[in-house]
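Only one structure is covered here, and it is reproduced in the block below.
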Amino acid sequence: MTVVTILRRLGLAGAAAVLAACASTPPDHFYTLGGGGASVATPAPAANPVYIEVMGVVVPAQVRRSQLVVSEGPGRVDLLEQHRWAAPLSDEIGRALSLKVSAELGAIDVYRTPVPAGATTYRISTNVQRFESAPGSYALIDATWSVRQGTTDAVLTCRSVFKEAVGPGYEALVAGHRAALDKLGAAIAAAIREQAQRGSRTDAAVKTLAPICSR
């Protein structure tokens, strides 16, 4: 056997090993929280549209990454390299809330977009305290959020906790977070609707909206 033949066979063997390794690598899966959900309908056109601004969402440092972070028992989490968010988690949550609130109110999200002169804008700020994912058990979102009416002092601040039971599998886990965000978006929309009906008011009057926080 010549040296050339030996090298050629070694090259083929190496290529086969590389192909085998590639074939055994699990494929990456990407998930999104906004869009494609049955609960998010297309907003109906409105004669006098409501303008909202869904500000950047704050999320805990532990889940501020592309991989899904799942709970595997008390004090332990795992990062799933082959299961990732399609966009940064804060963006995914913000988009889901924007879609839900817009659909509920027939609103237009004008974040970083000019609005007509004299239009009232409702600014939505969200700080996620906990974003917990327990496969086959539950998906939980614990968030502090506020709605400010235009540039006035009329502001409502609430804390909402939504825990959804989920079945096995990561698709079910993501669906649980979608359901939790759907409820959070509905609560925010209810607060805006109440503010719009009552009009401009003082801080003392805004406090009468507190029951919305528990819906």
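The first residue in the sequence is number 1, and the count goes up from there.
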Dump the intermediate steps for salt bridge (Lys or Arg N to Asp or Glu O under 4.0 Å) on E164 and R178, then the final yes or no. CA-CA 9 Å; E164 299 292 322; R178 280 176 176 266; over 6 Å; no
Would you sort out whether Y122 and R148 count as a side-chain contact (heavy atoms from CB on, under 4.5 Å), showing the intermediate values? CA-CA 6 Å; Y122 297 89; R148 179 180 295 276; over 6 Å; no
One pair to check against side chain to side chain donor-acceptor pair (under 3.5 Å): E92 and T32. What are the steps and the verdict? CA-CA 6 Å; E92 288 287 339; T32 184; 2.6 Å; yes
Before giving the answer on side-chain contact (heavy atoms from CB on, under 4.5 Å), spell out for Q67 and H83 the whole-Å C-alpha distance, their side-chain angles and the decisive distance to 0.1 Å. CA-CA 6 Å; Q67 303 97 327; H83 298 271; over 6 Å; no
Would D91 and L89 count as a side-chain contact (heavy atoms from CB on, under 4.5 Å) if you check the C-alpha gap in whole Å, the side-chain angles of each, and the deciding distance to 0.1 Å? CA-CA 5 Å; D91 292 348; L89 182 57; over 6 Å; no
Could you give me the CA-CA distance, side-chain angles and deciding distance for Y170 and H29, then say whether side-chain contact (heavy atoms from CB on, under 4.5 Å) is met? CA-CA 10 Å; Y170 301 120; H29 301 273; over 6 Å; no
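Defined by atom type and a distance below 3.5 Å, a donor-acceptor pair is present between the side-chain atoms of S66 and R84.
Neither L105 nor Y51 shares a network with the other; the hydrophobic side chains, linked directly or stepwise wherever heavy atoms of I, L, V, M, F, W or Y lie under 4.5 Å apart, form separate groups for each. By the rule that hydrophobic residues join a cluster once side-chain heavy atoms approach within less than 4.5 Å of another member, F162 and V101 end up as members of one cluster. The hydrophobic clustering, which links ILVMFWY residues whose side-chain heavy atoms are closer than 4.5 Å, places L173 and V69 together. Both L80 and V77 are part of a single hydrophobic cluster, where members link through side-chain heavy atoms under 4.5 Å apart. Placement of V174 and L140 in two distinct hydrophobic clusters is found when ILVMFWY residues are connected by side-chain heavy-atom separations under 4.5 Å, directly or transitively.
Residues V50 and I52 meet the side-chain proximity criterion, which asks for heavy atoms closer than 4.5 Å. Using a 4.5 Å heavy-atom threshold, the side chains of Q149 and T120 count as touching. The shortest side-chain heavy-atom distance between L181 and L33 falls under the 4.5 Å cut-off. Under the 4.5 Å side-chain criterion, counting only non-hydrogen atoms from C-beta, R123 is not in contact with V147. Side-chain contact between I108 and S102: absent, with no pair of heavy atoms (C-beta onward) separated by less than 4.5 Å. Put simply, the side chain of M55 does not reach to within 4.5 Å of the side chain of I124, judged on heavy atoms. Considering only heavy atoms from C-beta on, V161 stays 4.5 Å or farther from I141 through its side chain. For the pair S160 and W145, the minimum side-chain heavy-atom distance is below 4.5 Å.
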Please list, one pair per line, the donor and acceptor atoms closer than 3.5 Å that link side chains of residues 130-138 to other protein atoms, with sequence neighbours excluded.
{"from": "R130", "atom 1": "NE", "to": "D142", "atom 2": "OD2", "distance (Å)": "3.1"}
{"from": "R130", "atom 1": "NH1", "to": "E132", "atom 2": "OE2", "distance (Å)": "3.4"}
{"from": "R130", "atom 1": "NH2", "to": "D142", "atom 2": "OD2", "distance (Å)": "3.3"}
{"from": "E132", "atom 1": "OE1", "to": "Y138", "atom 2": "OH", "distance (Å)": "2.9"}
{"from": "S133", "atom 1": "OG", "to": "H177", "atom 2": "NE2", "distance (Å)": "2.8"}

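Rounding to the nearest 0.5 angstrom, the gap separating the CD atom in E53 from the OG1 atom in T121 is 5.5 Å.
Side chain of S90 to main chain of P88: no donor-acceptor pair is present (N/O by atom type, distance under 3.5 Å, no hydrogens or angles).
The shortest heavy-atom contact between V54 and G94 is CG1-O, 3.8 Å. Looking at every heavy atom in both residues, V155 comes nearest to S146 through CG2-CB, 4.2 Å.
Between Y31 and W85, the two ring planes are perpendicular [angle over 60°; tilted spans 30° to 60°].
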